[in-house]
Protein chains: 2
Amino acid sequence: MKASKPRALDRIDLKILACLQDNARISYVDLANQVGLSTTPCLERVKRLERNGVIKGYKALLNPKYLRANLLVFVEISLETQSSAVFDEFRRAVSKQPQIQECHLVSGQFDYILKCRIPEMSAYRQLLEDVVLTLPGVKESKSYVVMEEVKEDASIYVPELNEFDEHQLT
Amino acid sequence: MKASKPRALDRIDLKILACLQDNARISYVDLANQVGLSTTPCLERVKRLERNGVIKGYKALLNPKYLRANLLVFVEISLETQSSAVFDEFRRAVSKQPQIQECHLVSGQFDYILKCRIPEMSAYRQLLEDVVLTLPGVKESKSYVVMEEVKEDASIYVPELNEFDEHQLT
DNA sequence: CGACTTTCAGAAAGATTTGCTGTCACTGAG
DNA sequence: CTCAGTGACAGCAAATCTTTCTGAAAGTCG
């Protein structure tokens, strides 16, 4: 037997993804109607998208205002050495901190960009002390405190099929 | 009659939020079991959390790899003038671009931080031209191309009740 | 104390999920 | 060309879930 060949996403798959990204708690009946299928093949497609890793999960979007996460700060960090031991330790420290939502290794002047949600300024100082400054290799760090969130949209743009022709699952 | 007074979140609310953030497609039956209620009050609490804006929505998490959004770039932008007309125009341009996932007004050296997901480098150049460089007020921009996403977690940390005592809905 | 409010559980009706079956269209081998 | 074999689909039905209704228990305020 051959492994299930990962097929390219078709028009209906893209519609399903857009719908579920818009409202993850939609029922399969409604979803099927919106994409023009009956429930059975619609369910099968969703399960397949989950199996293939196209859909990574479903999340409720919470309002930071009510959860002591009012303050959003971006931090740029560069490390002294670029040894993998230091990098690993840095990653481990970052992973443990739930207040650090994102951490990306970037090219450019700095090594890492962090996105942190915290209750208030004092917690930010604490976080910097805990994570950033106690780590051995931190050379420099710069903080940007967010004054206003103009746009925050976790959604990924789901293209139309015609923009998407030659694109394949890999 | 008085408007429904927004009560503080209690232990069960926090559990519900954590569960729904972890898996937005959980059934009310399972959710009720996990938080130690029967389905009826559990459903009521969820609806109330939605009404009060604590839950802003439910989203499927899609894998950028399969949606032509492989490349993640952060852009820092500062504007020449800080007139509100320029700011407004900038915001409008940003809002229209689905590839710009986030845009934040920050304090510090730059005015805005953008987070963009795009198919590849050529699209990035295009985006810069479309949004950033055609706008009148852009003084300076700096790009950080993400080489590795160490951590990306849209979740907001849901505190335990004991860490949460004196916090109120406002 | 007594009325009122809030929160809860249980039951029941309605809706959804999910597995089963059969049909249709397409494909490749003979 | 013909005929399995395959994949995707719709319809149906049983199990499960959602959601409304009802009433009980606990707390609040006069």
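Any value given below was found using the heavy atoms of this structure, including those in side chains, with hydrogens, waters and symmetry copies removed. What you see is a predicted model, and the numbers here were worked out from it, not measured in a lab. Lettering follows sequence order; numbering is per chain, from 1.
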Rounded to whole Å, the CZ-P distance (A:Arg25 to D:dC17) equals 13 Å
Can you tell me if B:Asn70 uses its side chain to pair, donor with acceptor, with the backbone of B:Pro119 under 3.5 Å? no
To the nearest Å, how far apart are A:Ile26 CD1 and D:dT18 P? 15 Å
Using heavy atoms and a sub-4.0 Å distance, could you list which residues of residues 28-35 of chain A are near DNA chain C? By number, please. A:Tyr28, A:Val29
So which pairs with a foot in residues 77-102 of chain A pass ring-ring contact (aromatic ring centres under 6.0 Å, His included), sequence neighbours left out? A:Phe87-A:Tyr112, A:Phe90-A:Tyr112
Rounding to a whole Å, what distance do you find between A:Leu43:CG and C:dG19:C1'? 10 Å
Starting from P on C:dC8, measure out to CZ on B:Arg11 and report it in whole angstrom. 13 Å
Could you tell me how far apart B:Arg48 (CZ) and C:dC8 (C1') are, to the nearest whole angstrom? 12 Å
May I have the distance from A:Asp10 (atom CG) to C:dC26 (atom C1'), rounded to whole angstrom? 16 Å
Sorted by first residue and then second, give each side-chain hydrogen bond (donor to acceptor under 3.5 Å, both in side chains) pair with at least one member in residues 138-151 of chain A; sequence neighbours left out. A:Arg117-A:Glu149, A:Tyr124-A:Ser143, A:Lys142-B:Gln109, A:Glu148-B:Arg91
By ring-ring contact (aromatic ring centres under 6.0 Å, His included), A:Tyr28 pairs with (sequence neighbours left out) none
Enumerate the side-chain hydrogen bond (donor to acceptor under 3.5 Å, both in side chains) contacts for residues 14-25 of chain A, please, sequence neighbours excluded, ordered by first and then second residue. none
Is there a donor-acceptor contact under 3.5 Å linking the side chains of B:Gln126 and B:Asp130? yes
Filtered N/O pairs between nucleotides 10-15 of chain D and protein, under 3.5 Å:
| unit_1 | atom_1 | unit_2 | atom_2 | d |
| --- | --- | --- | --- | --- |
| D:dA10 | OP2 | A:Ser38 | N | 2.6 |
| D:dA10 | OP2 | A:Ser38 | OG | 2.8 |
| D:dG11 | O6 | A:Thr40 | OG1 | 2.8 |

Give the minimum heavy-atom separation between B:Ile55 and A:Ala60, together with the two atoms involved. CG2-CB, 4.5 Å
Given 3.5 Å as the limit, does a donor-acceptor pair link the side chain of B:Asp10 with the main chain of B:Asp13, or not? yes
Tell me whether the side-chain N/O atoms of A:Arg45 come closer than 4.0 Å to OP1 or OP2 in D:dC9. yes
